[in-house]
Amino acid sequence: MSISIIGAGAFGTALAISLARTGVPVTLWARDADQANDMQTRRENIARLPGVTFPNSVTVTSDISSALADTLLLAVPMQKMRALLTNTPELNGRLLVACCKGVELDTQLGPVGVIRDCDPLATPAILTGPSFAADIARGLPTALTLAIDDDTLGQSLQQALTTPNLRIYRTRDTIGAELGGALKNVMAIACGAAIGAKLGESARAALMTRGYAEMQRMAQALGAQPDTLAGLSGFGDLTLTCTSDQSRNYRFGLSLGRGEAFDPSITVEGAATARAVRARAKHMHIDMPITDAVVGLIAGKLQIAQAMEMLLSRPPKEE
Ligand SMILES: NC(=O)C1=CN([C@@H]2O[C@H](COP(=O)(O)OP(=O)(O)OC[C@H]3O[C@@H](n4cnc5c(N)ncnc54)[C@H](O)[C@@H]3O)[C@@H](O)[C@H]2O)C=CC1
Ligand SMILES: O=C(CO)COP(=O)(O)O
């Protein structure tokens, strides 16, 4: 099964490096020709993943026709996925594995939903779970969830994406896998804000736990299996992202909590996703108070003290 990675940001580059270390040829596609040439010559992605040299079996190109492999891993930000699929008709009708985490603002669809919407003939899948690009690129171990409807194809894909450092678990619950990865980013912003505002580790633990309850509520209402949320794509990635300042979502939250500015060029998937999820939750009458607070903080409509008061003064309930 030949593999290409579409999107040469931090995660796409890390996946290319990790898969190519097993010796298989991997093509990494960047939309910008200068950037692709620079990476191909230098054997490094200076902008997004400095310090890690590409194995010989990575080829970087901006020519989409030379990147059309059996399996295409899509590693662009969630809010750019539709533009990628619309502007790149060569991707139509193929096996497309989303590697992004989020919910589209305009449609409230996740990565698999957007692929289905843009390209009904594609076979969509999602690869998600606890995996910082820098860790993957350095060959540090982790485990990920691969979700795809067709279990036979899922087994071949699982094999193709497994490396000595990457253990892949398989599920058919694409809704659960995409929601876990999307919602944990919202909770990471909340936890970062709490830590940034010096509310303490106990507050973070409470936010993670009640955030997980919100994730489960939304996921179950949309037909996901609770076990999926309890796995790598949900609980696993929630734990990583809410506790590490390697996470951009968490760092964005820290800056909100400290009242500091944050570089707008950094990809923070949870910001748009929080708004999309809040809209969906309101429409479906699902209670998501932490998500509401994150949306209020980002919009500047709530201060940290008000968000805390809003969460703590809710009517008492059973856990
Ligand atoms: N960086 C990380 O540690 C991890 C990231 N992810 C997910 O991977 C996705 C991508 O994140 P990163 O690679 O970190 O972001 P990034 O900001 O490092 O790179 C994004 C890349 O997408 C490209 N891009 C944007 N719009 C495009 C378009 N319309 N067509 C083609 N390319 C386009 C950009 O040129 C850039 O190279 C996100 O959803 C993120 O949640 C998942 C796991 C780990
Ligand atoms: O999803 C990630 C780790 O699994 C990366 O998190 P950030 O996008 O917050 O950096």
Side-chain angles (χ1 to χ4, degrees), residues 4-18 28-36 38-39 45-50 52 60-62 64 67 72-88 90-91 97-104 110-111 114 118 126-138 140 142-145 166 177-178 180-192 232-255 262-274:
S4 290
I5 320 284
I6 305 299
F11 198 45
T13 306
L15 286 168
I17 292 171
S18 164
L28 177 62
W29 178 83
R31 63 180 161 164
D32 183 86
D34 289 342
Q35 192 203 1
D38 182 69
M39 285 192 277
N45 183 344
I46 293 279
R48 301 285 183 176
L49 201 64
V52 191
V60 191
T61 181
S62 60
I64 194 69
L72 299 168
L73 305 193
L74 308 184
V76 299
M78 179 68 231
Q79 308 304 324
K80 309 290 178 166
M81 174 84 105
R82 185 175 293 272
L84 169 74
L85 295 172
T86 311
N87 299 334
T88 326
E90 294 87 347
L91 301 177
V97 184
C99 300
C100 57
K101 297 175 181 175
V103 174
E104 193 179 46
V114 169
C118 291
I126 179 162
L127 182 67
T128 182
S131 50
F132 286 130
D135 292 351
I136 301 277
R138 286 167 58 209
L140 300 180
T142 190
L144 298 175
T145 299
L166 270 188
E178 66 178 5
L183 295 171
K184 65 86 188 176
N185 281 333
V186 178
M187 303 312 157
I189 295 175
C191 289
L232 293 158
S233 57
F235 179 76
D237 215 356
L238 177 74
T239 309
L240 178 73
T241 317
C242 293
T243 60
S244 168
D245 54 18
Q246 270 197 77
S247 159
R248 298 162 296 188
N249 286 281
Y250 178 75
R251 287 205 307 274
F252 174 61
L254 281 178
S255 72
F262 194 78
D263 178 351
S265 70
I266 295 176
T267 300
V268 178
E269 292 285 34
T273 291

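Counting convention: from 1, in listed order, for ligands and their atoms alike.
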Which atoms of ligand 2 sit under 4.0 Å from any heavy atom of [X]?
X    : value
L240 : 3 (C), 4 (O)
K184 : 1 (O), 2 (C), 6 (O)
P130 : 4 (O)
G129 : 4 (O)
F132 : 3 (C), 5 (C), 6 (O)
S247 : 7 (P), 9 (O), 10 (O)
R248 : 7 (P), 8 (O), 9 (O), 10 (O)
N249 : 7 (P), 8 (O), 9 (O)

Go through ligand 1 atom by atom and flag the ones less than 4.0 Å from a non-hydrogen atom of [X].
X    : value
T267 : 15 (O), 16 (P), 17 (O)
F132 : 3 (O)
W29  : 31 (C)

Protein contact to [atom] [nearest heavy atom, distance to 0.1 Å]:
atom                    : value
atom 9 (C) of ligand 1  : V76 O, 3.8 Å
atom 3 (O) of ligand 1  : A133 N, 2.8 Å
atom 7 (C) of ligand 1  : C99 O, 3.5 Å
atom 13 (O) of ligand 1 : F11 N, 2.9 Å
atom 38 (C) of ligand 1 : E269 OE2, 3.2 Å
atom 19 (O) of ligand 1 : G9 CA, 3.1 Å
atom 18 (O) of ligand 1 : A10 N, 2.9 Å
atom 33 (C) of ligand 1 : R31 NE, 3.5 Å

Counting only heavy atoms not in R82, do more than 12 fall under 6.0 Å of its CZ? yes
Are any of the side-chain heavy atoms of [X] and [Y] separated by less than 4.5 Å?
X    : Y    : answer
N185 : T273 : no
I64  : I6   : yes
E104 : M78  : yes
L85  : L91  : yes
L84  : R31  : no
T13  : V52  : no
T142 : L232 : no

Checking contacts here: is it the side chain or the backbone of K101 that comes within 4.0 Å of ligand 1, counting heavy atoms only? Could be both or neither. both
Among the heavy atoms of [X], does any lie under 4.0 Å from an atom of ligand 1?
X    : answer
R248 : yes
A8   : yes
S131 : yes

Keeping the roles fixed (side chain from Q79, backbone from V103), state whether a donor-acceptor pair exists under 3.5 Å. yes
Side chains of N249 and S247: donor-acceptor distance under 3.5 Å anywhere? no
About how many Å separate SG of C100 and NZ of K80, when rounded to the nearest 0.5 Å? 12.5 Å
Quick check: K101 and ligand 2, any N/O pair under 3.5 Å apart? yes
Which is closest to atom 29 (N) of ligand 1 in terms of heavy atoms, M81, K80, M78? K80
One residue to check: [X]. Relative to ligand 2, which of side chain, backbone, both or neither has a non-hydrogen atom less than 4.0 Å away?
X    : result
T267 : neither
D237 : side chain
R251 : neither

Of all the heavy atoms in A188, does at least one lie under 4.0 Å from an atom in ligand 2? no
